[in-house]
**Q** 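Can you keep this structure in mind? I'll have questions shortly.
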Amino acid sequence: MARKALKLASWTSMALAASGIYLYSNKYLDPNDFGAVRVGRAVATVHLRSARRLCELCCANRGTFIKVGQHLGALDYLLPEEYTSTLKVLHSQAPQSSMQEIRQVIREDLGKEIHDLFQSFDDTPLGTASLAQVHKAVLHDGRTVAVKVQHPKVRAQSSKDILLMEVLILAVKQLFPEFEFMWLVDEAKKNLPLELDFLNEGRNAEKVSQMLKHFDFLKVPRIHWDLSTERVLLMEFVDGGQVNDRDYMERNKIDVNEISRHLGKMYSEMIFVNGFVHCDPHPGNVLVRKHPGTGKAEIVLLDHGLYQVLTEEFRLNYCHLWQSLIWTDMKRVKEYSQRLGAGDLYPLFACMLTARSWNSVNRGISQAPVTATEDLEIRNNAANYLPQISQLLNHVPRQMLLILKTNDLLRGIEAALGTRASASSFLNMSRCCIRALAEHKKKNTCSFFRRTQISFREAFNLWQINLHELILRVKGLKLADRVLALICWLFPAPL
C-alpha cells in the first residue's frame, strides 16, 4: 500500500507539474519561431505521456480517482488537450468488478442469490463507471431490468482516497502557490457520499421525471424500489445509443439538431426554472432512441446520483447574467458576474460560461456561430490565464463549480454532434430566464393587479423572443436588410 501511494504521489505530481510547464512555456512560444515550435511539440509529448500515466493511475486506484479523472477530463477550458482527450475515456472505460464481487454485493444487500432474484443475469456489464457497473437482467415475471451494482470497495476506500488527494494537492500548491485546486477535494468530500447512496439516486430520478414530465421527448427509467438498496439499484431497462454517436443517429434517422435542441431545453429548464440540475451529462449517461410506440426521437437520462440544488438567490442572479450575455448588456454582465463572486475577473468568467472569446461576448454570443479559429484561440489563451482561472474557481459559489462542469459536458456533446450553441439555443435559454424571473416576481407580490401586470409583461417578452427568432430565420433567407432593420427598430429585443 505504501509503495502504491508513493507511486501515485510521484506520478500525480509529475502530471500536474507537466501542466504547469505547459502553461508557463506557452506564454513565451512564438508560433513563427521554428525553435519554439519544436519546444511546443516536445511539451505536448510530455503532456501526452503524463496524461496516459495519470489515466492508468486512476484506473489502478478506481473509485474516487476515476471520478476526479472524469471531472478533469471535462475541463477543456483549463487543461491542455492531451489531458482532456486522454482522461475522457474514463467516462466509458472504467475498470469493472468481477462477477464474484457483484454476486457478493447483491447477496449482502438483497439477502438472496442472483438466480433466486432473476430469471437471467448477463455477466458482461452494459457499462462500467467510477462507482458502479450496470448489468442487464430479466425478472421472474419477464420484465427486463437494468441492475446497477456498486463496486464493493468504493465506499470503504473513498475517505482514504480523498485524504490522499488532499495531501497531493497541498503538495502541488507548495510548488505552484498561484494554482488553487483545493476546490476539487472540497467537491469530492461533499458529493461523493450522495453519489454512493443509490436510494438517493432513485429519489432524484423520480423527482426530475416529475419535474420535467411536460417534455414528451424525455425518458427517465422507472425505479424498482422493492429490489433497491444503498448499493444496488434496479431500474427499467431502456436501450439506446449514446448521445454523441452520430452514426447511430443516422442509422436510426434521428435528427442531431433536434436532439441538441431538446437537450438545451431540458437543461435550461433544470437550471433556470427549477434549480435542480443533473450534473453528470457525459455521453454514457445520456442515450437517444426512437420511441417504440410513437417513433419520435427521445432522450434517455441515466445516472441521477449527482445533482446540484441551486439557491434561489444564485438561480436568479444566474438568470439575470445569462439574459445580459444573450442581449449584450455588458453593464449588467459585469454586475451579475460580480454578484456571483467573479470580482474584477468578470470578463474571464463570461468567457468560461459561454466558451466564447471576450470579443465574441462583446459582439453578442447569439450573433455569430463558434468557429474553429475561435475554439483554438480560447484553448491557447487558457494557458496564459490558468492562475486567474484557478483563483476564480476558488472564489465563485460552490454551486457554480458543478454548473461549469455541466456546461463543459454539454458543450462536448454539441461539439461531437456539430451543433455548437446556435442562436436558437440561446433564445430557448432566454425564454426559461424570463419565465423564472416572472415567477419569482409573482410569488413575491400580494397584489392581483401586479401579478396580472407581470404575467402580461412575461407574455410580451416571450412574444418578442418568438419575433426575434422569426427575424433571424428571415435574415437567413437573405431578405431585404432595410425591412429587417425596420422590424428590429419597431420591436427591440428585451433586456
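Hydrogens, waters and symmetry mates are skipped; everything else that's a heavy atom, side chains included, is used. All values reported here derive from a predicted model rather than from experimental measurement.
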**Q** Check for a donor-acceptor pair, side chain of D245 on one end and backbone N or O of D247 on the other, with a separation under 3.5 Å.
**A**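 At least one qualifying donor-acceptor pair exists.
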**Q** The test is salt bridge (Lys or Arg N to Asp or Glu O under 4.0 Å); show your working for K331 and E335 and say whether it passes.
**A** CA-CA 6 Å; K331 182 179 178 181; E335 176 188 349; over 6 Å; no
**Q** Please work out whether the ring planes of Y267 and H278 are parallel, tilted or perpendicular, with thresholds of 30° and 60°.
**A**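 It falls in the perpendicular class, over 60°.
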**Q** Is the cationic atom of K148 (NZ for Lys, CZ for Arg) positioned less than 6.0 Å from the six-membered ring centroid of F198 and within 45 degrees of its normal?
**A**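 Yes, a cation-pi geometry.
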**Q** Can you label the angle between the Y318 ring and the W322 ring as parallel, tilted or perpendicular, going by 30° and 60°?
**A**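 Taking W322 first and then Y318, their aromatic rings stand perpendicular (interplane angle over 60°).
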**Q** Check whether any side-chain heavy atom of N252 lies under 4.5 Å from a side-chain heavy atom of R289, and answer yes or no.
**A**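 No; the side chains remain at least 4.5 Å from each other.
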**Q** Can you check whether L131 reaches L192 side chain to side chain, under 4.5 Å on heavy atoms?
**A**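 They are in contact (side-chain heavy atoms under 4.5 Å apart), so the answer is yes.
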**Q** Just verifying a value: how many Å separate Y248 OH and Q242 CD, rounded to the nearest 0.5 Å?
**A**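 CD of Q242 is found 11.0 Å from OH of Y248.
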**Q** Side chain of H151, backbone of A129: donor and acceptor closer than 3.5 Å?
**A**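 Yes, because the side chain of H151 sits within donor-acceptor range (under 3.5 Å) of the backbone of A129.
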**Q** Within this structure, what is the SG-CG distance for the pair C351 and L345, rounded to the nearest 0.5 Å?
**A**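 So the gap between those two atoms works out to 11.0 Å.
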**Q** Looking at every heavy atom in both A297 and E258, which two are closest together, and how far apart are they?
**A**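 Scanning both residues completely, I find the closest heavy atoms to be CB-OE1, 3.9 Å.
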**Q** Got a sec: does the CG of D344 have more than 12 other heavy atoms crowding it under 6.0 Å?
**A**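 Count not over threshold, so no.
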**Q** Show your reasoning for whether side chain to side chain donor-acceptor pair (under 3.5 Å) applies to H282 and N285.
**A** CA-CA 6 Å; H282 69 73; N285 289 341; 3.2 Å; yes
**Q** What I'd like to find out is whether the side chain of K405 reaches to under 4.5 Å of the side chain of C279, using heavy atoms alone.
**A**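 When only atoms from C-beta onward are counted, C279 and K405 do not touch, as no gap falls below 4.5 Å.
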**Q** Hey, does the side chain of S430 reach the backbone of Q323 with a donor-acceptor pair shorter than 3.5 angstrom?
**A**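 Here the side-chain-to-backbone pair does not exist.
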**Q** Check this for me: K190, atom NZ, are more than 12 non-hydrogen atoms of other residues, nucleotides or ligands nearer than 6.0 Å?
**A**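 Yes - once you tally the heavy atoms of other residues, nucleotides and ligands closer than 6.0 Å, there are more than 12.
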**Q** Is a donor on one side and an acceptor on the other found under 3.5 Å between the side chain of S260 and the backbone of V256?
**A**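 It does not hold such a pair.
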**Q** Under 4.5 Å between any side-chain heavy atoms of R261 and I259, yes or no?
**A**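 No, side chains not in contact.
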**Q** Report yes or no: does D255 contribute a side-chain atom to a donor-acceptor pair with the main-chain N or O of N257 at less than 3.5 Å?
**A**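 Here the side-chain-to-backbone pair exists.
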**Q** Hey, can you tell me if Y346 and W358 have their rings parallel, tilted or perpendicular (30° and 60° cut-offs)?
**A**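 Judged by the thresholds at 30° and 60°, the geometry between Y346 and W358 is perpendicular.
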**Q** Taking R315 for its side chain and F272 for its backbone only, find out whether a donor-acceptor pair lies under 3.5 Å.
**A**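 Yes; judged by distance alone, with no hydrogens or angles, the pair exists.
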**Q** Supply the atom-to-atom distance L310 CG to C319 SG, rounded to the nearest 0.5 angstrom.
**A**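 Separation between the atoms: 9.5 Å.
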**Q** What closest approach, in Å, do A205 and V220 show between heavy atoms, and which atom pair accounts for it?
**A**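 Closest pair (atom of A205, atom of V220, distance): O-CG1, 3.6 Å.
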**Q** Heavy atoms, side chains only, cut-off 4.5 Å: are V149 and I106 in contact?
**A**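 V149 vs I106: side chains touch.
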**Q** Check whether any side-chain heavy atom of V396 lies under 4.5 Å from a side-chain heavy atom of L340, and answer yes or no.
**A**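 They are not in side-chain contact.
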**Q** With rounding to the nearest 0.5 angstrom, report the CG to NZ distance, D239 to K136.
**A**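 Rounded to the nearest 0.5 Å, the CG-NZ separation comes to 6.5 Å.
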**Q** With distance as the sole test, does Q150 use its side chain to make a donor-acceptor pair with the main-chain N or O of L196 at under 3.5 Å?
**A**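 A pair under 3.5 Å: yes.
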**Q** What I'd like to find out is whether the side chain of L287 reaches to under 4.5 Å of the side chain of L301, using heavy atoms alone.
**A**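 Contact flag for L287/L301 side chains = no.
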**Q** Any chance CZ of R398 has more than 12 other-residue heavy atoms, nucleotides or ligands included, within less than 6.0 Å?
**A**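 Counting neighbours around CZ of R398, more than 12 heavy atoms of other residues, nucleotides or ligands fall under 6.0 Å, so yes.
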**Q** Could you tell me whether the side chain of Q133 and the main chain of S97 form a donor-acceptor pair under 3.5 Å?
**A**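 It does hold such a pair.
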**Q** Does NZ belonging to K290 count more than 12 external heavy atoms closer than 6.0 Å?
**A**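 Above 12, so yes.
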**Q** Looking at every non-hydrogen atom in both residues, tell me the closest pair between I413 and P281 and how far apart they are.
**A**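 Closest approach of I413 to P281: CD1-O, 3.2 Å.
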**Q** So, E269 and K265, do they make that salt bridge, N to O below 4.0 Å?
**A**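 The answer is no: the pair does not qualify as a salt bridge.
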**Q** CD of E313: more than 12 outside heavy atoms within 6.0 angstrom?
**A**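 No.
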**Q** If we ignore hydrogens and angles and just use 3.5 Å, is the side chain of N204 paired with the main-chain N or O of H304 as donor and acceptor?
**A**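 Yes, because the side chain of N204 sits within donor-acceptor range (under 3.5 Å) of the backbone of H304.
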**Q** Taking the side chain as C-beta and beyond, is there a heavy-atom pair between S50 and Y83 under 4.5 Å?
**A**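 With C-beta onward as the side chain, the pair touches.
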**Q** Just one of L401, I271, L402 clears the side chain to side chain contact (heavy atoms under 4.5 Å, CB included) bar with Q308, so which one?
**A**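 That would be L402; it is the only one of L401, I271, L402 passing the side chain to side chain contact (heavy atoms under 4.5 Å, CB included) with Q308.
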**Q** Any donor and acceptor pair, going by atom type alone, linking the side chain of R332 with main-chain N or O of S324 inside 3.5 Å?
**A**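 Judged by distance alone, no pair lies under 3.5 Å.
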**Q** Give me the atom names and distance for the closest heavy-atom approach of H135 to D123.
**A**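 Nearest pair, atom of H135 first, then D123: CE1-O, 3.1 Å.
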